[in-house]
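Following: one structure in structure tokens, then a few remarks.
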Protein chains: 4
Amino acid sequence: MSDERIEAGARDAEAGPRFTVAEASLEPIYMQLASQVKRHVASGMLAPGDELPSVRRLANDLGVSKMTISKAFQLLESQGCLVRRRGRPLVVSDGVPRRAGPAVELLRPTLERAAQEASELGLTPEQALQLFGNVLSAADTRRTVKSKMPAAMPAA
Amino acid sequence: MSDERIEAGARDAEAGPRFTVAEASLEPIYMQLASQVKRHVASGMLAPGDELPSVRRLANDLGVSKMTISKAFQLLESQGCLVRRRGRPLVVSDGVPRRAGPAVELLRPTLERAAQEASELGLTPEQALQLFGNVLSAADTRRTVKSKMPAAMPAA
Amino acid sequence: MSDERIEAGARDAEAGPRFTVAEASLEPIYMQLASQVKRHVASGMLAPGDELPSVRRLANDLGVSKMTISKAFQLLESQGCLVRRRGRPLVVSDGVPRRAGPAVELLRPTLERAAQEASELGLTPEQALQLFGNVLSAADTRRTVKSKMPAAMPAA
Amino acid sequence: MSDERIEAGARDAEAGPRFTVAEASLEPIYMQLASQVKRHVASGMLAPGDELPSVRRLANDLGVSKMTISKAFQLLESQGCLVRRRGRPLVVSDGVPRRAGPAVELLRPTLERAAQEASELGLTPEQALQLFGNVLSAADTRRTVKSKMPAAMPAA
DNA sequence: GTGGTCTAGACCACG
DNA sequence: GTGGTCTAGACCACA
């Protein structure tokens, strides 16, 4: 992860999903957030019925406008992923637990893109796989180092 | 590669680089093209001195505006990747063969993104690696099957 | 129609859909617009493939912000009613011609509300029907008077 | 009335006004309630001097916050429709029995909106009228069927 | 010219 | 406190 990311949520002992945006990315911020929420739902990090961080807090933590967060949430609501309740934080819908199949399927598009790029780069599948292995290890290490505590208990 | 892609180049006996764009993608077409050219250069598919297809032809084949192709080339020229010569097609610069290190490095950002997503999806590195293996195999198979004619050999 | 409405589109000989917003209404402007577009599609006033007025023009004519128009269109796109094409005006989708059944069904919710209110007002169905008849006549008259020409030919 | 409605009042032998709110509606609940009370007053279902259900009871029956009920009542009080007396339930004011003319006038705005929508849908006044007739019949039937007990007589 | 993204801030509705 | 709506204006991407 060479690009700078701004993080929000789940710090310290708090056990919640982490939200990050890559400012440098060309992908609109609200889309980064929306797909991130979907991944957190797919992973179980966000369960149906869970409340999301408030728009204001996220906007503040991530350093983006309230409207941008709102837009992300609105997109997710239009896709049936979140539900609105008057005057309450948004909540993960329980009607549509996983609309794109199991968690693993949400990763496929990115990997397909990687495969396409690897092919254009003239890399063999083996080379591509090995590089991914390296990248995964590096990420894992970084993560492990970062949180010295056993990752915050799952069911706090 | 579930999304529809429009292809151009490397047909018949001609063994040249293949250009494709995903209309549905949110990534600007000119950027898709520019990064694709860079990958072809990194892979050696396009060597320094090689001529690129004409703007008109690419625009026609890919079904996009000439402006869009121009913009991609313009971007590459401004990065020193292509050079323009009076009334001639653009050629690959030999001054800056690989500005991002070996080919493998151009794949890293996408894989880092995949790793980040895998982590958010709660997948283990092993699961992510396995899925990538599947995807690479599928892509390889598809490619092999597709080109019955001895056109451009599958990079491997 | 006692409330003031700001109109846009389809003036003079131009035969296009008319867009209006009621400023005084509590219904958000973008929702007023979105449901209006749906009605125009259901009526055939807007056919699949037709382009909508540009965001800027509508915003200007209706005296609202560009973002507000954009939000209405975005909502319609998320419902599959409009489709976006790079750098072109939005267009009525042909994939989902009428997702709520025939035109008449789009009127039902409002009439159900009216029926509920009539009942609470202690009106008999006959009284309610008669009042609706009066209102329809009034509207019809007003419309006829307004456009002295034969309403602009349907298939211009 | 396809939307779910939560009801309160007029149960058992008690013959009083019925209050309902549509949770899913975008219209604020307190406004739904306030306009409903006005209709009940216009219909005579609530006569000047009649007491309204207590805030607590309505809140409980309708499953909304007491604040919301209070807000509705406050609005009505500020409009002179209800009057507050020390420690007693609110009663219908006799000063302003029908501030918008006869009952039928309270229905007009909704019917005007329906007429506007019908026009945008390309329906003839005859079609619109017929649909309203159907809707009124359906509502009437449902109501008759629903109340097997000789509770509050259907208004007719 | 088209639409899209984002911001900063004001104001509203609901609890 | 929550989210929603709207604005005015800046900047970007695409034709």
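Every value quoted in this text rests on a predicted model; they were computed, and no experiment measured them. All heavy atoms count here, side chains included; hydrogens, waters and symmetry mates do not. Every chain is numbered from 1 and lettered A, B, ... according to where its sequence line falls, protein lines coming before strand lines.
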Do you know the tightest heavy-atom contact between B:Ala34 and B:Leu76?
->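 Scanning both residues, the minimum pair turns out to be O-CD2, 3.6 Å.
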
Protein-nucleotide distance ([X], atom [atom1]; [N], atom [atom2]), rounded to Å:
X       : N      : atom1 : atom2 : result
A:Asn60 : F:dT2  : CG    : C1'   : 15 Å
C:Leu90 : E:dT2  : CG    : C1'   : 9 Å
A:Leu82 : F:dT2  : CG    : P     : 16 Å
C:Leu26 : E:dC12 : CG    : C1'   : 11 Å

Ignoring hydrogens and angles, does a donor from either the side chain of A:Arg56 or the base of F:dG1 sit under 3.5 Å from an acceptor on the other?
->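 When only heavy-atom distances are counted, A:Arg56 does not reach the base of F:dG1 through any donor-acceptor pair under 3.5 Å.
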
Between A:Arg86 and C:Arg88, which is nearer to the 5' end of DNA chain E once each is assigned its nearest nucleotide?
->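 Final value for this comparison: C:Arg88.
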
Would you kindly compare D:Glu23 and C:Leu52 by the position of their nearest DNA chain E nucleotide and give the one closer to the 5′ end?
->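 Taking each residue's closest nucleotide, the earlier one in sequence belongs to C:Leu52.
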
Rounded to the nearest 0.5 Å, how far apart are OG of D:Ser35 and CG of D:Leu33?
->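 If we round to the nearest 0.5 Å, D:Ser35:OG and D:Leu33:CG are 8.0 Å apart.
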
Applying side-chain contact (heavy atoms from CB on, under 4.5 Å), run through B:Leu26 and A:Glu27 and close with a yes or a no.
-> CA-CA 8 Å; B:Leu26 295 177; A:Glu27 190 182 4; over 6 Å; no

Where at least one partner belongs to residues 62-84 of chain B, residue pairs that pass salt bridge (Lys or Arg N to Asp or Glu O under 4.0 Å), sequence neighbours excluded |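 For residues 62-84 of chain B, and leaving out neighbouring residues, the salt bridge (Lys or Arg N to Asp or Glu O under 4.0 Å) pairs sorted by first residue read B:Glu77-B:Arg84.
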
Pairwise N/O distances under 3.5 Å, protein to nucleotides 5-8 of chain F:
unit_1	atom_1	unit_2	atom_2	d
F:dT5	OP1	C:Tyr30	OH	2.7
F:dT5	OP2	C:Tyr30	OH	3.3
F:dT5	OP2	C:Lys71	NZ	3.2
F:dC6	OP1	C:Ile29	N	2.4
F:dT7	OP2	C:Ser65	N	2.8
F:dT7	OP2	C:Thr68	OG1	2.4

So, B:Glu120 versus B:Gln116: side-chain donor-acceptor pair below 3.5 Å or not?
->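 Side chains of B:Glu120 and B:Gln116: pair found under 3.5 Å.
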
Got a sec, which residues hit salt bridge (charged side-chain N to carboxylate O under 4.0 Å, His left out) with A:Arg56, two or more places apart in sequence or on another chain?
->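 Here no residue qualifies.
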
Taking only residues two or more places apart in sequence or in another chain, which ones pass salt bridge (charged side-chain N to carboxylate O under 4.0 Å, His left out) with B:Glu23?
->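 Counting only residues at least two positions away or on another chain, B:Glu23 forms a salt bridge (charged side-chain N to carboxylate O under 4.0 Å, His left out) with C:Arg86.
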
Dot-bracket assigned to DNA chain E with the 3.5 Å Watson-Crick/G-U criterion, [ ] for crossing and | for other-strand pairs, is ||||||||||||||.

Could you list all the ring-ring contact (aromatic ring centres under 6.0 Å, His included) pairs where at least one residue sits in residues 40-62 of chain A, not counting sequence neighbours?
->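 Found A:Phe19-A:His40.
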
